[in-house]
Amino acid sequence: MTEAYTGDGTLMNSDFLNDLSVPEAINAAIKKIEEMGIGFGTTQYRLRDWGVSRQRYWGCPIPMINCPSCGVVPVPEDQLPVALPKDVSFDKPGNPLAHHPTWKHTTCPSCGAAAERETDTFDTFFESSWYFARYCDPRNEATGFDKKKAGYWLSVDQYIGGVEHAVLHLLYSRFFTRAMRDCGYLDVSEPFSGLFTQGMVTHETYQGNNGQWLYPTEYEAMADKSSVKVGPSIKMSKSKKNVVDPEVIMDTYGADAARLFILSDSPPERDIEWTESGIEGAWRYVNKLYKSVTGALESLPPAGTPAPDNFSDAAMDLRRKAHQTAAGVAADIEAFLMNKAVAKVRELSNAIEGFKPSNDADLWALREAIEFLVQCMNPVIPHLAEELWQMIGHNTMLVDTSWPQADKTLMQADTVQIAVQVNGKLRATITLPKDADREKAQETALADPSVQKFTAGKEIRKIIVVPNRIVNVVVV
C-alpha cells in the first residue's frame, strides 16, 4: 500500500458479523433480528411537504383562480400559459402581483363571477424539476415536450452540480419524473443516470469593527488592517462579500489561467480556496508553456512529416511519456480527476523542457510530444491551446481534432522503479529493466549504497522479491 486506508473496513470481535463489510453486517444484523422475532428492518424517509409557492413576482404563475362562490378553480387549458404582467412596479413592499391594478382581476371559469388570480408564484425549484425534459424538445410550441423525443434523450447521462442541489433539486426532479411518467408524458423513471457533486469555491471573510462585511479588494487596499476581523475560508457569498470579481480575474490573468487554477488545485469534489498566489502560479505556468512551445518552433520538422525509425533512447523516453500522458489524461477526465489530468500534462511539459534533441529523429519526437501536450491541454486552457495548435503548423481547429491515439507499444516503460526494504523499512529505490529476473533484482538491491549502510556487518537471513514491485532484505 502507498497510502492509508480510509474506508469502513470489515468487522471483528463481533460474533456472527466477523469479516463482513459494514453494509453486509447491517443486512445480516437485520436478518438475525427478524429471525429472532424481536424487530424488523425498515427504510425511513425524512420528507417534508414542499411549499411550492411564494410571494414574488419572478416565478411561474400558479394557474388557479380564487372565486368567492366556487372556491379555487383551475385556469382552463385553452388559456394557458398564464403570463406575468410586464408593467409591474416594485415601489411598494410585498408581492408586486398583488399590488398590480389589473392583472389579478378576472372572471371565474365556472360561474362567470368576478374573481382573482392566484398572486403567489411557484418557486424556482418547480421549473428546474423538469427543465431537462424541455431541453429534449425546446422549440415545441404545442406542448412541453414530445414524449418520443424525450424518450430518445432521457435519462440525462451525467448530472454535475453543487452539494446544495443534492437534496432539494434532485429529489424534486425524481418526483416530477415519476409524476410525468404516471401521467403518460414520459417513459423513464429516473431523470439522471449519473451524479457528480462538485465542491465550492471558498475565500476568507473580512469584517470591520462596525460589523460590516468587506470585499477582499477593500481589505487589501486598507493601510491599517488591525481593526478587521479575518474569518475562515468559507463558501463565497454576496452577503459575506468574500467574492472575487470574475471580470477582474479575466482582465488580469485571462480565462485560461483561471480555468487552470480551478481544475488543478484540488479534486473537483472538494472545496477550493481562492488565493492570489494560486491564480498567479497558474498564470506563470501558462506563460511558461507558451514560451516553451514557441521557443522550439524554428527547429521542428513540418507537421505531417513521416516518422523516422532511428530514435535515440532519450527520444523513446519522451515518446513514451507523451503517449502515456495522452492515455492517462483521457482516463482522468472521464473519471472527473481533473487535477490529476493537469498534473500529468505538467509532467509532460517538464519532460519536453528537459529534452535536448541531437538529430532529426529527436526533433520529430519533440514535435510529437509538443502536439500531444497541446492537445491534452485543450480541455483546460482552450484559448492558448488553439493558438499554439495553429502556430505549430495546423490549419484545422484543435477543437475539431480527434484526441491523440496512444501507441500501446509505447504505453509501458522499459524500466520499473523498485522499492528496496531492509527488515520492512524503505531504504532505497532502484531502477531495473521490466523483465529483470530475481537474481538481477537481488544483486542490484544489495549493491545500492543506501542498502549496504543497513546490511553491513549483519547476517542476511533471506531476500524476498516481489517482481517489479519490491525487494525486502531480512537481516539479523
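When reading the values below, keep in mind they use all heavy atoms of this one structure, side chains included, and skip hydrogens, waters and symmetry mates. One-based numbering along the sequence shown.
Within the 3.5 Å criterion, the main-chain N or O of Asn209 finds no donor-acceptor partner in the side chain of Ser227. At distances below 3.5 Å, at least one donor-acceptor pair connects side-chain atoms of Arg259 with backbone N or O atoms of Val380. Looking only at distances, no side-chain donor or acceptor of Ser277 sits under 3.5 Å from a matching main-chain atom of Thr275. Remark: side-chain polar atoms of Trp103 are paired, donor with acceptor, to backbone N or O of Ala83 under 3.5 angstrom. Remark: the backbone N or O of Ile234 is paired with a side-chain donor or acceptor of Asn242 at under 3.5 angstrom.
Two rings, from Tyr135 and Tyr131, have their centers less than 6.0 Å apart. Here the two rings, on Tyr206 and Tyr215, have centers that are 6.0 Å apart or farther. Between Trp274 and Phe261, the distance separating the two ring centers is shorter than 6.0 angstrom.
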For a side-chain contact (heavy atoms from CB on, under 4.5 Å) check, start with the C-alpha distance between Leu384 and Val286, then their side-chain angles and the critical distance, and finish with the verdict. CA-CA 8 Å; Leu384 177 60; Val286 168; 3.7 Å; yes

Give the intermediate values and the outcome of side-chain contact (heavy atoms from CB on, under 4.5 Å) for residues Leu300 and Trp364. CA-CA 7 Å; Leu300 295 181; Trp364 191 98; over 6 Å; no

Apply side-chain contact (heavy atoms from CB on, under 4.5 Å) to Trp213 and Glu218, showing your working. CA-CA 10 Å; Trp213 297 101; Glu218 295 176 323; over 6 Å; no

When you look at Phe132 and Phe192, which way does the ring pair (Phe, Tyr, Trp, His ring centres under 6.0 Å) test go after all the steps? CA-CA 9 Å; Phe132 45 87; Phe192 315 114; 5.1 Å; yes

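Using modelled atom types, one finds a donor on one side chain and an acceptor on the other under 3.5 Å when comparing Ser189 with Arg181. Side-chain contact annotation: Tyr159 with Ser173, donor-acceptor N/O pair under 3.5 Å absent. A side-chain donor from one of Trp50 and Asp123 sits under 3.5 Å from a side-chain acceptor of the other. Residues Glu127 and Thr124 bring no donor and acceptor atom of their side chains to less than 3.5 Å of each other. A donor and an acceptor atom, one from each side chain of Asp120 and Gln55, are located under 3.5 Å apart. Between the side chains of Asp91 and His99, no donor-acceptor pair is found at a separation under 3.5 Å. Judged purely by distance below 3.5 Å, without hydrogens or angles, the side chains of Glu190 and Thr177 never pair a donor atom with an acceptor atom. Counted by atom type alone, Asp400 and Thr396 present zero donor-acceptor pairs between their side chains at under 3.5 Å. Residues Gln207 and Tyr219 have side chains that never bring a donor and an acceptor to within less than 3.5 angstrom of each other. His323 and Gln405 share no side-chain donor-acceptor pair at under 3.5 Å.
Atom CE of Met338 sits about 10.5 Å away from atom CD of Glu269, to the nearest 0.5 Å. Glu24 CD to Asn27 CG: the interatomic distance, rounded to the nearest 0.5 Å, is 8.5 Å. With rounding to the nearest 0.5 Å, the separation of CD1 in Ile381 from CD in Glu386 is 11.5 Å. Summarising the geometry, atom CD belonging to Glu353 is positioned 11.0 Å from atom CG belonging to Leu348; distances are rounded to the nearest 0.5 Å. Here the NE2 atom belonging to His100 is positioned 10.0 Å from the NE2 atom belonging to His105, to the nearest 0.5 angstrom. From Glu368, atom CD reaches atom CG of Asp407 across 8.5 Å, with rounding to the nearest 0.5 Å.
Two residues are said to be in side-chain contact when any heavy atoms from C-beta on lie closer than 4.5 Å; Val374 and Glu371 fail this criterion. No side-chain heavy atom of Val248 sits less than 4.5 Å from a side-chain heavy atom of Asp251. In this structure the side chain of Ser89 never reaches within 4.5 angstrom of the side chain of Tyr57, judged on heavy atoms.
For the pair Arg346 and Tyr285, the cation-pi test (distance below 6.0 Å, angle within 45°) is passed.
Sorted pairs that involve residues 290-301 and meet side-chain hydrogen bond (donor to acceptor under 3.5 Å, both in side chains), not counting sequence neighbours, are lacking altogether. Counting only residues at least two apart or on different chains, the side-chain hydrogen bond (donor to acceptor under 3.5 Å, both in side chains) pairs with a member in residues 326-340 are Asp332-Lys344.
Minimum interatomic distance between Met64 and Val75 (heavy atoms only, all atoms of both residues): N-CG2, 3.9 Å. Summarising the geometry of Asp271 relative to Ser266, their closest heavy-atom pair is O-OG, 3.6 Å, with the distance given to 0.1 Å.
For the pair Glu118 and Lys104, the salt-bridge criterion is not met [side-chain N within less than 4.0 Å of a carboxylate O].
The aromatic rings of Phe176 and Phe126 lie perpendicular to each other, with more than 60° between the two planes, well past the 30° mark.
Listed by chain and number, the residues in a side-chain hydrogen bond (donor to acceptor under 3.5 Å, both in side chains) with Asn287 amount to none (sequence neighbours excluded).
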